[in-house]
Amino acid sequence: MNRSDPQPRRPRRRKRSWPRTILLIVFILAVLAGIYACLVRKPQVKPAPAGSTSQDVSSSSSVSSEPEPVKERKDDFFTILVSGLDDDNGGSDTNILVGFDAKEQAITCVSIPRDTGVYINGKSRKINYAYNLGGMDQMRETVSDALGIPVDFTVEVNLKAFVKLVDEIGGVDFEVPLNMNYDDPYQDLHIHLKKGMQHLDGQNALKVVRFRHNNDGSGYGTEDIGRIGTQQAFLKTVFKKMLANPQKITSYAQIFSEYVKTDLAVSELAWFGQQAILMGMDKLNFETLPGEWSDRLSRWVIDQDAALELINNGLNPCTADRTLDDLHLVG
């Protein structure tokens, strides 16, 4: 196995990757647009082209050798890869694979860490390299090959959409949970906000949901757990204000069309929205692809047994369970 990373070494600093909240809010834009326009159509999964790994659910390169139960799909089960562009450099640092099971009424959203070790063109790479190599098509193929399941649809979100949306609804009143003082000159990111109720415009709202810790290391204490709580509270605040301003649906749709790329029609997104509303928020489940950081490999190494259980329970649209042989993950 090739453990080397051909990308040049850089100082050990991490970009503030997209919080899940941002992706969900932008996804809601399209759902609302379709519902208010009364355009609803059940999604249709396109047949995979011959030799394509993006829709080939087998780890074998020979599609014809697959037994039929492996290719048979569950009713009304779809997978959607949502990717966020973290900056203007063409990189995708946040990737969430959604398993949408309308029949069993369950939505599973699995975050794929940006440093997850996968194989691309036979070489060990970090998964965020896939987007730089070939955009969403390469990202779809890489995720499908790594997890052994088809990726039916993709949604590509630009960071500017979040800022535009919050500004469009006139900002939001939000209880900032703690004093935030963080500076990252590499990104020109400066977060300086006081604890307490504040009216946030788009730029400051983005800072709140991106914040993890202060310059001196203080903050939530448990960075990710604390931040997720803030993100969830913020999402509820924004969603409530969006619903209170249905007259702005044309503007929401314009933001979506300008900053979001997807192979789903708005009417198909509306179908997902209708189904989600019928299910209720308690059917929405968030997970992270389980694993741990390896200094030896400089990768996020997936716990393949735990990942397989997660895939079969919430992401696999096929009637036959995946096996460890179907996974292509660095370990």
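Throughout, residue positions are numbered sequentially from 1 according to the sequence presented. In this text the structure is predicted, and so the values were computed from the model without any measurement.
Val45 and Ile80 fall within the same hydrophobic cluster, defined by Ile, Leu, Val, Met, Phe, Trp and Tyr side-chain heavy atoms under 4.5 Å apart, directly or through other members. Linking ILVMFWY side-chain heavy atoms closer than 4.5 Å, directly or via other members, places Val155 and Phe77 in two distinct hydrophobic clusters.
Atom-to-atom distance recorded for Asn95:CG and Leu289:CG is 11.0 Å, nearest 0.5 angstrom. Atom CG of Leu133 is separated from atom CG of Asn128 by 11.5 Å, given to the nearest 0.5 angstrom. Note that the CD atom of Gln275 and the CG atom of Asp101 stand 10.5 Å from one another [nearest 0.5 Å]. For the atom pair Asp137 CG and Tyr131 OH, the distance stands at 10.0 Å (nearest 0.5 Å). In this structure, the separation between CG on Asn316 and CD1 on Ile149 is 6.0 Å, given to the nearest 0.5 Å. To the nearest 0.5 Å, atom CZ of residue Arg41 and atom CD of residue Glu268 are 4.0 Å apart.
A distance-only check finds a donor-acceptor pair linking the side chain of Asp167 to the backbone of Gly202 [under 3.5 Å].
Within the 4.5 Å cutoff, no side-chain heavy atoms of Thr116 are placed close to those of Arg299. Side-chain contact between Leu200 and Val166 is absent, with no heavy atoms from C-beta onward closer than 4.5 Å. Put simply, the side chain of Phe174 does not reach to within 4.5 Å of the side chain of Gln198, judged on heavy atoms. Looking at Glu156 and Leu81, their side chains never come closer than 4.5 Å, going by heavy atoms from C-beta outward. At least one side-chain heavy atom of Glu168 sits less than 4.5 Å from a side-chain heavy atom of Ile255. For the pair Leu308/Arg322, a side-chain contact is recorded, criterion being any heavy-atom separation below 4.5 Å from C-beta on. By the 4.5 Å heavy-atom criterion applied to side chains, Pro177 and Lys195 are not counted as neighbours. Looking at heavy atoms from C-beta onward, Ile96 lies out of side-chain contact with Val110 at the 4.5 angstrom threshold.
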Kindly indicate, with the supporting measurements, whether the criterion side-chain contact (heavy atoms from CB on, under 4.5 Å) is fulfilled by Leu297 and Val330. CA-CA 9 Å; Leu297 298 174; Val330 174; 3.9 Å; yes
When you look at Tyr259 and Lys164, which way does the side-chain contact (heavy atoms from CB on, under 4.5 Å) test go after all the steps? CA-CA 9 Å; Tyr259 294 107; Lys164 289 282 188 180; 3.1 Å; yes
How far apart are the C-alpha atoms of Leu324 and Asp305, what are their side-chain angles, what is the distance that settles it, and do they pass the side-chain contact (heavy atoms from CB on, under 4.5 Å) test? CA-CA 7 Å; Leu324 288 174; Asp305 289 321; 3.5 Å; yes
Run Glu104 and Asp75 through side-chain contact (heavy atoms from CB on, under 4.5 Å) and show every step you take. CA-CA 9 Å; Glu104 297 299 328; Asp75 293 334; over 6 Å; no
For Arg140 and Asp263: C-alpha separation, side-chain torsions, deciding distance, then whether salt bridge (charged side-chain N to carboxylate O under 4.0 Å, His left out) applies. CA-CA 12 Å; Arg140 180 206 301 257; Asp263 51 4; 2.6 Å; yes
His213 and Tyr182: ring pair (Phe, Tyr, Trp, His ring centres under 6.0 Å), yes or no, with the steps? CA-CA 7 Å; His213 60 76; Tyr182 177 82; 5.6 Å; yes
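Residue Glu287 comes nearest to Leu310 through the heavy atom pair CG-CD1, 3.7 Å, listed as atom of the first residue, atom of the second, then distance. The minimum heavy-atom distance linking Val143 with Leu97 is given by the pair CG1-CD2, 4.1 Å. When every heavy atom of Ser144 is checked against every heavy atom of Pro150, the shortest pair comes out as OG-CA, 3.8 Å. Considering all non-hydrogen atoms of both residues, Val163 and Leu206 come closest at CG2-CD2, 4.0 Å. A pairwise comparison of heavy atoms in Val118 and Ala146 identifies CG1-CB, 3.9 Å as the closest pair. When all heavy atoms are compared, the tightest approach of Leu264 to Pro43 is CD2-CB, 4.4 Å.
A salt bridge links Asp152 and Arg73; the closest N-O separation between the charged side-chain nitrogens and carboxylate oxygens is under 4.0 Å. Checked for salt-bridge contact, Lys241 and Asp173 miss the test: no charged N lies under 4.0 Å from a carboxylate O.
Of the residues Val151, Ile127, Thr154, Ile112, the one that meets the side chain to side chain contact (heavy atoms under 4.5 Å, CB included) test with Met139 is Ile127.
Taking the six-membered ring for Trp and thresholds of 30 and 60 degrees, Phe153 and Phe78 have ring planes inclined between 30 and 60 degrees apart. Ring geometry for Phe272 versus Phe100: interplanar angle over 60°, hence perpendicular rather than tilted (30 to 60°).
The closest side-chain donor-acceptor pair between Asn215 and Asp183 falls under 3.5 angstrom. Side-chain atoms of His199 and Asn204 form no donor-acceptor pair, as typed in the model, at a separation below 3.5 Å. Side chain to side chain, Thr108 and Asn285 fail the donor-acceptor criterion of an N or O pair below 3.5 Å. Thr323 and Asp325 form no side-chain donor-acceptor contact under 3.5 Å, judged by distance and modelled atom types alone.
Within a 6.0 Å sphere centred on NZ of Lys74, heavy atoms belonging to other residues, nucleotides or ligands number more than 12.
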